[in-house]
Structure formats: structure tokens, C-alpha cells
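Step one of this worksheet: look at the structure below.
Whatever order the structure lists them in is the order used to number ligands and atoms, beginning at 1. Please read these numbers as outputs of a predicted model, since none were measured by experiment.
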Amino acid sequence: MSFNIAIDGPAGAGKSTIAKLAAKELGFIYVDTGAMYRTIALGLLRKHTDCEDEGQLGQALEEIQVEMAYEAGAQQMLLNGENVTGLIRTEEVSRMASISSAKPAVREKLLLMQRSLAASRDVIMDGRDIGTRILPQAQLKIYLTASTRARAERRYLELRQKGEACSLEEIEKDMKERDYRDMHRETAPLKQARDAVLVDTSHMTIQEVVERIVALARERQ
Ligand code: DC
């Protein structure tokens, strides 16, 4: 049977950085489900889809094809055959991903893809509802969080490094709005699974968090 680790938590808690490193150490595959929602969001933006119009959303989703591939161990996202990995980290896509991922039709589209990836392989999968909905049987569940300020500062540095103009206040405000939407939506809201281990990364180094997760995984393997 495959060993599954579910990592959930708000944006900027360090999920992807930590999950990637832990996956490497454990020899697992890392699956970033946020990237899948971002790929759909980019598709919807390109089509100028109004997500509040169910018919329009359904039609757009039929025309949007999402695929995943690995290149030198790094997850690549394909949108209708085009590699869009480098295009899905903008604030515009972030905002659209937060809005569209609240729609049941969008979540349904990705559910089977996520479950089947985990069924056959040892994976660390990160997202918002992995421990609560996608992989309720995961052998290890982590709820990774940090203060809003700490998370906004991390995102700010990330964007600055990429040369994107941004303001910390604006990022923090956006982040609060997004957290609120992710936590209060009707479908698959972000919340800690009852059997998840809570890890607050506000005052931890990346290496400390990775060691904690790897140790927990080894205990349970
Ligand atoms: O983790 P991220 O910032 O790349 O996620 C982008 C958006 O997708 C975010 O608003 C939450 C949503 N998401 C989700 O609803 N469920 C997931 N499993 C992963 C991401």
C-alpha cells in the first residue's frame, strides 16, 4: 500500500517549500494541488469566464484540459497541452484560483486526478482539503500554518525576487481576503483535520519543519 502524507494550510505557510524538501528526503513524489487550481484559474482568465454564471463555468471547464508531468523531478502544469508552470504564480491568478476553487464543479474536476495519483505512489500532497476530503486515509496529516504577517512577508520576498512590483500591505490584505474565502466557503473549506498534527512555522526555520515532518513520517512508516 502506498504511504500518503497530506499537508494542508493557508497560503504562504511554507507548504510547497517544505513538502518538496521532505519528499526528497523520504523519496516520495511531491504533488502541489494548488498548482492544479491555478492552472484552471489561468484557463478561466484566458476565457474571461464569469465564475458566478454556472452555465458559462461548466462550458469553460469542459474546454479546459489540465495535465501534470514531472521534469527532472519538478511538477509541470499543462493547460490544453501548453506548459504554463511559469505563468500561474501571479497575484491575478492567485485571486482567480481562490474564487474559482470555491466552485464545486472546479473541485470535482480535480478530485479523481488527485486521488489516483496518491493511490499508486508514496506522495506528499499539499493543498487545503487533502487531509479532510481528498485523502482522509492518509497515514500522516499535517496542518501547516503561520501568522498572517509572517506569511505576507514570505510572499513579498518571493515576488520581489522574481522582480514583480508589489506592496507588503497589499499582499497582506489580499492574503486575509483569500484566507477568509478559503476557510468560509461551503465546499471543502480549509480546516485542520481532527487527526492532523498542527505545525506553526512562524518562528521555525525551513529545516526544522522538514525534520519534524520527516521524523513523524518515519515513525509511522
Ligand atoms: O496553495 P496555492 O496558493 O497555490 O493555492 C491556490 C488557490 O487554490 C488557493 O486560493 C486555494 C486553492 N486550493 C484549494 O482550494 N484546494 C487545494 N487543495 C489547493 C488549493
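Every atom of ligand 1 with a heavy atom of S98 under 4.0 Å away is listed here by number and element: 10 (O).
Salt bridge status for E158 with R155: present, with a side-chain N to carboxylate O gap under 4.0 Å.
At the shortest separation from atom 7 (C) of ligand 1 among protein heavy atoms lies A97 CB, 3.7 Å. In this structure, the protein non-hydrogen atom closest to atom 12 (C) of ligand 1 is S101 OG, 3.5 Å. Protein heavy atom nearest atom 16 (N) of ligand 1, with residue, atom name and distance: R107 NH2, 3.0 Å. Ranking the protein heavy atoms by distance from atom 19 (C) of ligand 1 puts T33 OG1, 3.4 Å first.
Taking any N or O of D129, backbone or side chain, at least one lies under 3.5 Å from an N or O belonging to ligand 1. Every N/O-N/O distance between D126 and ligand 1 stays at or above 3.5 Å. For the pair Y37 and ligand 1, the shortest N or O to N or O distance does not fall below 3.5 Å.
Residues V197 and I7 are members of one and the same hydrophobic cluster, defined by side-chain heavy-atom contacts under 4.5 angstrom among Ile, Leu, Val, Met, Phe, Trp and Tyr. Residue L140 is not grouped with residue L135 when hydrophobic side chains (ILVMFWY) are merged at heavy-atom distances under 4.5 angstrom, including chains of intermediate members.
When the heavy atoms of R38, Q114, R128, K15 are ranked by distance to atom 1 (O) of ligand 1, first place goes to R128.
At a 4.0 Å heavy-atom cut-off, ligand 1 touches R185 through the side chain alone. At a heavy-atom distance under 4.0 Å, no atom of D8 approaches ligand 1. Contacts between R181 and ligand 1 below 4.0 angstrom, taking non-hydrogen atoms only, are absent altogether.
Distance alone, capped at 3.5 Å, is enough to place a donor-acceptor pair between the R185 side chain and the A188 backbone. A distance-only check finds no donor-acceptor pair linking the side chain of S101 to the backbone of Y37 [under 3.5 Å].
A donor and an acceptor atom, one from each side chain of Q76 and T85, are located under 3.5 Å apart. Side-chain atoms of R178 and S98 include no donor-acceptor pair closer than 3.5 Å. With no hydrogens or angles considered, a side-chain donor-acceptor pair links T201 and R154 at under 3.5 Å.
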